[in-house]
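Convention: sequence-line order gives letters A, B, ...; per-chain numbering from 1.
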Amino acid sequence: MSPSDNYRRIYHVVRRIPPGRVATYGQIAKLAGLPGHARQVGYALHALDTASPVPWHRVINAKGRISLRSKSGPDLEQRMRLEAEGVRFDAGGRVRLDEYGWSGSGTRALEWR
DNA sequence: GCAATGACGCTCT
DNA sequence: CAGAGCGCCATTG
């Protein structure tokens, strides 16, 4: 099997993420058909480029934090993009998964306007 | 083929 | 609520 096939699936799920909303790696992995493989999701996204057609910036960890990979370049860009979509960060740089979390676990009434 | 690493998740403290 | 430790698995060297 081609490992790229798995990546493709993950990218597809990430593309399904509605604007103004964020999804966790576990969520992506589950929807991608890889329950429990949250790490591989991160791997797949890491292989992506900052200019990739995939909204990787909407993917964060379960803590609602932006996972830093190595440098502080793309990370800041991710936060900037999310803020541009209407996602608010707290002082700790965390996002309210209970509100912005995908699958509308609770609040989707905010809409993305 | 084996060993080490890693955009993570979950539980305990 | 925040931080640290442990675990699961695929990718890379």
Whole-Å gap separating [atom2] ([N]) and [atom1] ([X]):
{"X": "Ile17(A)", "N": "dA7(B)", "atom1": "CD1", "atom2": "C1'", "value": "13 Å"}
{"X": "Leu45(A)", "N": "dG9(B)", "atom1": "CG", "atom2": "P", "value": "11 Å"}
{"X": "Gln27(A)", "N": "dC10(B)", "atom1": "CD", "atom2": "P", "value": "10 Å"}
{"X": "Leu97(A)", "N": "dC1(C)", "atom1": "CG", "atom2": "C1'", "value": "14 Å"}
{"X": "Ile10(A)", "N": "dC8(B)", "atom1": "CD1", "atom2": "P", "value": "13 Å"}
{"X": "Gln40(A)", "N": "dT12(C)", "atom1": "CD", "atom2": "P", "value": "11 Å"}
{"X": "Arg9(A)", "N": "dA10(C)", "atom1": "CZ", "atom2": "P", "value": "14 Å"}
{"X": "Asn61(A)", "N": "dA2(C)", "atom1": "CG", "atom2": "P", "value": "13 Å"}

*Which one of Val59(A), Leu31(A), Thr24(A) satisfies the side-chain contact (heavy atoms from CB on, under 4.5 Å) criterion with Trp102(A)?*
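The passing option is Leu31(A).
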Hey, what are the protein-to-nucleotides 11-13 of chain B N/O distances that come in under 3.5 Å?
none

*Residues forming a side chain to side chain contact (heavy atoms under 4.5 Å, CB included) with Ala47(A), sequence neighbours excluded*: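 By the side chain to side chain contact (heavy atoms under 4.5 Å, CB included) rule, Ala47(A) matches Tyr7(A), Tyr11(A).
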*asked:* Under a 3.5 Å distance rule, please check whether Asn6(A) uses its side chain to pair with a backbone N or O of Arg9(A) as donor and acceptor.
replied: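 Not confirmed, Asn6(A) side chain does not pair with Arg9(A) backbone.
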*Okay, side chain of Trp56(A), backbone of Thr50(A): is any donor-acceptor separation there less than 3.5 Å?*
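Judged by distance alone, yes, a pair lies under 3.5 Å.
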*State which residues pass salt bridge (Lys or Arg N to Asp or Glu O under 4.0 Å) with Arg96(A); sequence neighbours excluded, sorted by chain then number.*
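Here the qualifying residues are Glu99(A).
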*Contacts of Arg94(A) that satisfy salt bridge (Lys or Arg N to Asp or Glu O under 4.0 Å) - sequence neighbours left out*: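 Result, salt bridge (Lys or Arg N to Asp or Glu O under 4.0 Å) vs Arg94(A): Asp90(A).
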*Contacts to DNA chain B from residues 50-60 of chain A, heavy-atom cutoff under 4.0 Å, which residues?*
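DNA chain B contact set from residues 50-60 of chain A: Trp56(A).
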_All pairs passing salt bridge (charged side-chain N to carboxylate O under 4.0 Å, His left out) where residues 28-52 of chain A contributes a residue, at least two apart_ =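 Checked against salt bridge (charged side-chain N to carboxylate O under 4.0 Å, His left out) - neighbours excluded - no pair reaches residues 28-52 of chain A.
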*asked:* Per the salt bridge (charged side-chain N to carboxylate O under 4.0 Å, His left out) rule, what does the pair list look like for residues 51-67 of chain A, sequence neighbours excluded?
replied: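 Non-adjacent pairs meeting salt bridge (charged side-chain N to carboxylate O under 4.0 Å, His left out): Arg58(A)-Glu85(A).
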Between [options], which nucleotide gets closest to the side-chain atoms of [X]?
{"X": "Arg65(A)", "options": "dG3(C), dT5(B), dG9(B)", "result": "dG3(C)"}
{"X": "Tyr43(A)", "options": "dC8(B), dG9(B), dG6(B)", "result": "dG6(B)"}
{"X": "Ala38(A)", "options": "dT5(B), dG9(B), dA7(B)", "result": "dG9(B)"}

_By the 4.0 Å heavy-atom rule, please label Gly26(A) as base, sugar-phosphate, or nothing._
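The residue Gly26(A) makes sugar-phosphate contact but no base contact.
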*asked:* OP1 or OP2 of dC10(B) versus the side-chain N and O atoms of Arg39(A): is any pair under 4.0 Å?
replied: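 Checking Arg39(A) against dC10(B): no side-chain N or O falls below 4.0 Å of OP1 or OP2.
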*5'-most contact on DNA chain C: Asp90(A) or His37(A), nearest heavy atom basis?*
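Result of the comparison: Asp90(A).
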_Side-chain donor/acceptor of Tyr7(A) to base of dT11(C), under 3.5 Å_ =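 Such a pair does not exist between side chain and base.
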*What residues form a side-chain hydrogen bond (donor to acceptor under 3.5 Å, both in side chains) with Ser52(A), not counting sequence neighbours?*
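None.
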*Under the side-chain hydrogen bond (donor to acceptor under 3.5 Å, both in side chains) test, residues paired with Arg81(A) that sit two or more places apart*: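 If we apply the side-chain hydrogen bond (donor to acceptor under 3.5 Å, both in side chains) test to Arg81(A), skipping adjacent residues, the hits are His57(A), Glu77(A).
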